[in-house]
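Letters A, B, ... mirror the listed sequences (proteins, then strands); counts begin at 1.
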Amino acid sequence: MSNPENRHRHLLLLLSVFVIATCGLIYELVAGTLASYLLGDSVTQFSTIIGVYLFSMGIGSWLSKYLDGNLLKWFIRIEILVGLVGGCSAPLLFVLFEYAASFRLVLYTLVSLTGILVGLEIPLLMRILENQLTFKDLVSRVFTFDYIGALLASLIFPLVLVPYLGLIRTSLFFGLLNIAVAGFLLHQFADTKPYRRSLVSILALSSLLLLSGFVYAERIMTYTENLTFQDKVIYSKSTSYQRIVLTANPRELRLFLNGNLQFSSADEYRYHEALVHPALQALPKANRVLVLGGGDGLAVREILKYPQIQSVTLVDLDAGMTDLFRQNDLLVKLNNRSLHSSKVRIINTDAYNFVRQDTARYDLIVVDFPDPSNYSIGKLYSTAFYRELNRLMRPGGLAVVQSTSPYIARQSFWCIRNTIAASGFQTIPYHAYIPSFGEWGYVLLLRNQHWRGDGPLPAGLRFINARTIHDMLNFPPDMAEVPTEINKLNNQVLVHYFEDDWTPYAH
Amino acid sequence: MTGRPTPTDPPESPGRRQFLEQAAGLGFSVLLAGSAGLNACQSSASIAHIKGGMIGANHQTGHLLRYPEKLPQPTQTRETDVLIVGGGIAGLSARRWLWQQGKRDVLLVELSGQLGGNSVGGQNTVSAYPWGAHYLPIPDPRNRELVDFLKECHAITGFDANALPVYNDYYLCHDPEERLFINGHWQEGLVPDVGISDDDRQQISRFFKLVEELKQAKGSDGRDAFAIPLDRSSTDIIYRQLDGISFETYLNQHQFTSPYLRWFLEYGCKDDYGTTLANTSAWAGLHYFASRKGVAANAGANSVLTWPEGNSFLVKQLEQQAQSAIESNKLVFGIQENAEGVRVTCYDVLKKETVAIQARTVLLATPQFITQNLLKNRVASGFQYAPWLVANLTVSVLPQSRGMPLCWDNVIYNSASVGYVTATHQHLNASDQKVITVYWPLVQEPPDVARRKAYETTYATWLSRLVAELETAHPGVTEYISAADCWVWGHGMIAPTPGFIWEESRRNAARSVNNKLFFAHSDLSGISIFEEAFYQGIRAATEILAQIPSA
Ligand SMILES: Cc1cc2nc3c(=O)[nH]c(=O)nc-3n(C[C@H](O)[C@H](O)[C@H](O)COP(=O)(O)OP(=O)(O)OC[C@H]3O[C@@H](n4cnc5c(N)ncnc54)[C@H](O)[C@@H]3O)c2cc1C
């Protein structure tokens, strides 16, 4: 039974066991890591991924009995498939994360597919070897190699692979190893001759695919740059309007909407204090406030520091945002339960429609919309929109508009200011430095009224005081006023300025 | 939410994102389906998910007119001073004018369930949309009647220090307005620019210089060469003789040979008249460009007013600016003069019974191909109508390569349709779902042949044509179309064929009969645009007021 020819043969096959066991575990680890990286909550992610993976392997093992005929040929084919599916899993998941309607479905489909294929491998190999070893030898050797492979995988994955190769390259690399096993067996076993040709070309194509993925891994990462958060993702959700991602490190929380940073808990107080206090310190009698955008409740937190405020109406399109900032403990702490205040009414609707239909009047309107990066947001910065605000303001009332960066988007900032001025307001432009964003701009809207920056401020502010307000009014030459056109619904010049301003920063 | 991108994180370009979405989707489906799924995209099965059908069965009601003897005898007789037949723009405009001049005993009957005629609109869960007319260029301020009407609609909100009208920002077409898909690229504006030669460019600018001159030109009678309403144009033979030749001949005579320029001009003829260069009169072809003399305090000369529901916005305004009676679902099928005035028989399409209406005066605000069936011994010669297909599609994504993003008006160079208008463009809120209205003049064959074929064409066939048309500029759009409805306008627009506008038969058809029968319809102007229908209504109403003592 153990002639040298056969010995050689089963040693090779056992070596394959070792390699495929390593690969199999690596795919599982890659999926688990990716899931917790992208979806957060690593315990749940890891545990469900491992469960589904093992169960799928069970399905694979069960299915193996339906494979008959030339078992070696089956095995080689399955190796190629494992290599392709497992190898591509990480890049695919990365790319699809943002675009797939149901990312979990994609994730678990891929995990099951890999699991089933991997589950087929060992039973098939055992059947190939069954006539060459006694049963006890067969079982003991196959599983020994299997578990050694697993140990190796679990050690090199965190210590070598993730830090040096990254997830995408790791998965592609092990895909290549699976395919190498297929190639090796094809080469070593004479009985593969009849079908060698056809399999070799498939093999070559698959390796080429994986190799090019390996070479272009950086590119794949930049495609998915929105997802390469530096920090740990602790929450993520796709609402019908946007993708919300929250990341954390020991120093700060960061909120991303569609990959754009919204705030960092380390310095958002600067942004929100600057947004609210220059207006409210000048309105000691204010009691009704309207906030447009700002579903994070952070501007509301600042507003509620004034005891005279009786009601705050918060209009934000996305219930997913306002719910998150009412429910998540960390965020509720950050906004100081502002969205739970009995003074606050939350309305989830489109701000433009709301403003056109609303009949209430306000002492202060805080406008905190996304930057005018497309035509539909551009409408919220038009003369027509500001005229609607005018209608909603009580006599003596004020409004304030976040107005993008006067340093980076200088034309855009002054276009917003000039548009407001053309809509029947006096304006007071100002700016503040927010480390996470850089210089940021705001415009205060007044109607024939006096404004001073030395009114009463609530206690405990960290950024705004009378001196800061005074300093914020000064625009150094590199941010100084530039002439612009007026943004109207029928010209939308602001969107063009904004595109112009940001082009030098696009890579 | 502030959504501010940071310097390392540039604002995302929608083009790139859409491309990625597509690429990713494609990659994944290939992975799952393997080679078997690849060829399936083009097959007809891929339109099965699109819901909709043919809308607008008015021509069937209209066909009842062919056999009036089959309709029931009247069961009752009613009386009115003035009866207006037809609730299109012309009829509604006449009703409004009569009301404003104190004429109250007026009844308007309309065969369809909905007022508006060729300016009706529809509505689904995503948006209101037009089925026909969808915009109005800002008018020449000398068109006083129209300016007054727009004031009453709050489309004009005031006048600036120079007496220039200030238009309502919500009704002026929002930016970005127009784009053209040409040489594989979406360019801004409809005049071809991408990939054209210097000679083309020169011819195009020569043409527009000519148009500028014609805009200013006055005839020997001191009137504008080209005016709206067109009856106010100069009678000077220098200009009027242009009506005798085709626009094509005119362009040949003036060495306008550039295929790009000629495409653009033919697009204009198709879009405004439903005709080709060869069967449009040169006068009408030039009128399209040289009659637009709008000015505004807050908009450019070529600005247009538009609404998600199209000109049915104006229909509603016309309706609301008068209170006299309106009855819809009423088909007028017989008209007889008698001693007291006119006796009209009218079939109630819903109740399936006939009423007789005794009126002192009747205004027929119906197109002449119908009017000639209603009156004995009347032939409307020279009146030719262009058939159209209009479709409203609900889409979530319009995949496209780089170039100008979605505009209000979107035209595909050298294609059969005249493109599509985005009904949701004037919405103020952002939404993924859009409704687009595709306009398709059926000019390939003579109107009567095209009309018959259009009525016979099934929904499935229209749908596959529409999808093929859109796919040329938006590869992969089919799967994103969730609904599509189609409407065939058998007699969509009066065709200003050479000689039609300034020859006798048009003016004869507008002439009142025995001071009892009056006529108003855009086809009496020879071109079908809102302004002409509006004017015809006022003209006829004025004639009526001159005949009968005011009440
Ligand atoms: C596809 C398409 C797109 C267009 N786009 C534009 C555009 O963007 N801008 C523009 O200005 N113009 C456009 N037009 C032109 C449009 O036709 C005119 O603006 C205007 O609507 C014409 O109005 P009208 O009153 O002259 O005629 P119609 O709309 O034809 O009105 C006649 C009315 O009489 C009714 N009627 C007919 N017979 C009878 C009967 N026996 N008894 C009772 N009622 C009867 C009809 O139902 C109809 O309501 C478009 C036309 C089409 C077909």
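When heavy atoms are compared at a cutoff of 4.5 Å, Glu388(A) approaches chain B solely by way of its side chain, counted from C-beta outward. Proximity to chain B (any heavy atom under 4.5 Å) is restricted, for Asn353(A), to the side chain, taken from C-beta onward. Interface remark: Glu177(B) contributes no atoms to any contact with chain A (heavy atom separation under 4.5 Å).
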Exercise for review: Would you please test Asp175(B) and Lys379(A) for side-chain contact (heavy atoms from CB on, under 4.5 Å) and show each step?
Suggested key: CA-CA 9 Å; Asp175(B) 186 69; Lys379(A) 295 186 181 189; over 6 Å; no

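Counting heavy atoms from C-beta outward, Asn490(A) and His174(B) have side chains that stay 4.5 Å or more apart. Between Asn429(B) and Leu317(A), the closest side-chain pair of non-hydrogen atoms is not below 4.5 Å.
Applying salt bridge (Lys or Arg N to Asp or Glu O under 4.0 Å) to Asp169(B) and the options Arg356(A), Lys488(A), Arg387(A) leaves one that passes, Arg387(A).
Remark: Lys316(B) NZ is loosely packed, at most 12 non-hydrogen atoms of other residues, nucleotides or ligands lying under 6.0 Å away. Remark: Asp160(B) CG is packed, more than 12 non-hydrogen atoms of other residues, nucleotides or ligands lying under 6.0 Å away. Counting non-hydrogen atoms of neighbouring residues, nucleotides and ligands closer than 6.0 angstrom, the CZ atom of Phe289(B) exceeds 12 such neighbours. Taking a 6.0 Å sphere around NZ of Lys151(B), one finds it holds more than 12 heavy atoms contributed by other residues, nucleotides or ligands.
Here the closest heavy-atom approach between residue Pro405(B) and residue Tyr375(A) is recorded as CG-CE1, 3.6 Å.
Rounding to the nearest 0.5 angstrom, the gap separating the CG atom in Leu489(A) from the CG atom in Leu428(B) is 6.5 Å.
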